[in-house]
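Keep in mind it's a predicted model, so treat the numbers as computed, not measured.
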Amino acid sequence: MSGSNGASRNNRPTIKDVAAEAGVSATAVSKVFNNTGRISEPTRLRIVEAAARLGWSPSAAATALRRSRTHTVAMVVRRPTDVLGADPHFSELITGLESELSPRGYGLLLHMAGGVAEETALYERLAAEGRVDGAVLTDHRTDDPRPPLLKQLGLPAVLLGTPHHELPVRNITLGNQEAGITEAVRHLLGLGHRRIAYVAGPAELVHTGFRQAVFERELAAAGLTPAAVLHTDFTEAAANTATGQLLALSPRPTAIMYANDSMAVCGIGAAQRAGLSVPDDLSVVGYDNLPLGHWLHPRLTTVDQQVQEVGAAAARALLAECGEDVDTRPLTGRPRLVVRESTGPGPG
């Protein structure tokens, strides 16, 4: 290619500048200078020549990091900041991760990304600069580019949750993922509820579709269909809106299941503001068994998916992928229903 695209940030060239100059991805540049992966000789020469024209070379610090472990792992979260700040799920998960990482001298590098392109670029930069030894993946999506990307980048990774299909990274989950939703639906049916609604998460998340399918299957086995299924983005506003829509139905649901505890707490508040009593007029079930469920009145019936234990298991698995000698025995538990006071008998 003729000419230079210029350098960013006060004329200091970056790996992206080299990629643009050579007409390749930042990943390709990383592979050439890290001597990883397969790059054709013409492409390699083009990248090297582009780097020479721009006067770019990997930083000495990054080179040193690549020659040894950084003792740092990354977790990139692609959720809105208001959702992340309001959902204790991630603090529980981080607690579990840190319980295994910190004693072994590893740190957790947390990033937030606004979309697919931003997240992809972030992983490419982390790999190119040799800043982390591996990554923890959350919020698995049905068409998820991250596992093959990290495999291509040569960055060890583990995925939290039930995989959509065969993936090139290890996944960490509790056994029998159906158990929690199954127990919750059967609990409500046993209390006499026949109009049961579900406030789910975003449709593109694998666990959303998985749990919804189990929910609908259990109702069908009892000869019922859902009162409604609504997909939300996990925000407080979305949970309040969804609950209001469900309570406006005629006949309205007598029980609502939520995809996480935070939304269930919002749902209880919305029901109470509408003049309903929980559980006398409406039963509510959450998912996660986070500490906030104990602080409510009534206390929240919820599915315990042992978030801290899963985080700790994910950390051990990733440490093993990074070459550490750790115990990677599989988790033996399963999601289970914890019955408290937010569920009660259905209409007689």
Side-chain angles (χ1 to χ4, degrees), residues 80 82-83 86-87 178 180-205 207-290 292-293 295-303 335 337-348:
D82 56 340
V83 174
D87 189 353
E178 298 184 1
I181 296 293
T182 297
E183 289 181 8
V185 175
R186 292 179 182 178
H187 169 65
L188 292 173
L189 292 173
L191 290 171
H193 294 279
R194 294 298 179 267
R195 296 191 301 277
I196 306 173
Y198 186 37
V199 179
E204 68 270 17
L205 295 182
H207 71 67
T208 295
F210 178 83
R211 294 177 191 172
Q212 180 179 337
V214 176
F215 170 75
E216 293 175 346
R217 184 196 67 197
E218 289 301 314
L219 287 181
L224 302 172
T225 58
V229 175
L230 301 179
H231 293 101
T232 70
D233 61 3
F234 292 127
T235 62
E236 177 183 356
N240 285 329
T241 298
T243 303
Q245 292 174 347
L246 294 175
L247 297 182
L249 295 176
S250 182
R252 64 170 173 79
T254 62
I256 304 176
M257 293 174 53
Y258 291 83
N260 67 18
D261 284 354
S262 296
M263 290 199 296
V265 170
C266 292
I268 289 176
Q272 291 173 339
R273 288 192 297 274
L276 299 180
S277 171
V278 177
D280 295 338
D281 301 315
L282 179 73
S283 285
V284 172
V285 177
Y287 200 102
D288 269 344
N289 194 27
L290 300 177
L292 61 85
W295 306 335
L296 296 178
H297 179 71
R299 296 186 305 158
L300 182 64
T301 295
T302 183
V303 174
L337 184 67
V338 178
V339 178
R340 301 194 185 103
E341 292 85 16
S342 69
T343 51

Between atom [atom1] of [X] and atom [atom2] of [Y], what is the distance when rounded to the nearest 0.5 Å?
X: Phe234; Y: Leu205; atom1: CZ; atom2: CG; value: 5.5 Å
X: Met263; Y: Asp288; atom1: CE; atom2: CG; value: 9.5 Å
X: Leu300; Y: Leu292; atom1: CG; atom2: CG; value: 7.5 Å
X: Gln272; Y: His297; atom1: CD; atom2: NE2; value: 8.5 Å
X: Ile256; Y: Leu188; atom1: CD1; atom2: CG; value: 11.0 Å

Whether [X] side chain and [Y] backbone form a donor-acceptor pair below 3.5 Å:
X: Thr208; Y: Pro202; answer: yes
X: Arg340; Y: Thr302; answer: no
X: Asp261; Y: Tyr287; answer: yes
X: Glu218; Y: Val185; answer: no
X: Ser283; Y: Ala255; answer: no
X: Ser342; Y: Val284; answer: yes

Minimum heavy-atom distance between [X] and [Y], given as atom pair plus value:
X: Gly344; Y: Pro279; value: N-CB, 3.5 Å
X: Ala259; Y: Arg211; value: O-NH1, 3.3 Å
X: His231; Y: Gly201; value: CD2-O, 3.2 Å
X: Ala271; Y: Leu247; value: CA-CD1, 3.9 Å
X: Arg252; Y: Asp281; value: NH1-O, 3.0 Å
X: Ala242; Y: Thr232; value: CB-CG2, 4.0 Å

Under the side-chain contact (heavy atoms from CB on, under 4.5 Å) criterion, do Leu282 and Ile268 qualify, and how do the steps go?
CA-CA 9 Å; Leu282 179 73; Ile268 289 176; over 6 Å; no
Side chains of Val303 and Met257 in contact at under 4.5 Å (non-hydrogen atoms):
no
Measure the shortest side-chain to side-chain distance between Leu290 and Asn260 over non-hydrogen atoms and say whether it is less than 4.5 angstrom.
no
Identify the residue among Val265, Val285, Thr243 that makes a side-chain contact (heavy atoms from CB on, under 4.5 Å) with Tyr258.
Thr243
Is it the case that more than 12 heavy atoms not belonging to Glu216 sit under 6.0 Å from its CD atom?
yes
Do we see a donor-acceptor contact under 3.5 Å between the side chains of Thr235 and Asp233?
yes
Checking Arg186 against Leu337 for the side-chain contact (heavy atoms from CB on, under 4.5 Å) test, could you report, in this order, the C-alpha distance in whole Å, the side-chain angles of both residues, the deciding distance, and whether it holds?
CA-CA 10 Å; Arg186 292 179 182 178; Leu337 184 67; over 6 Å; no
Take Arg217 and Glu178 through the test side-chain contact (heavy atoms from CB on, under 4.5 Å) and record every step on the way to the result.
CA-CA 11 Å; Arg217 184 196 67 197; Glu178 298 184 1; 3.0 Å; yes
Please evaluate residues His193 and Thr343 with respect to the criterion side-chain contact (heavy atoms from CB on, under 4.5 Å), reporting the C-alpha separation (whole Å), side-chain torsions for both, the decisive distance (0.1 Å), and the verdict.
CA-CA 10 Å; His193 294 279; Thr343 51; 6.0 Å; no
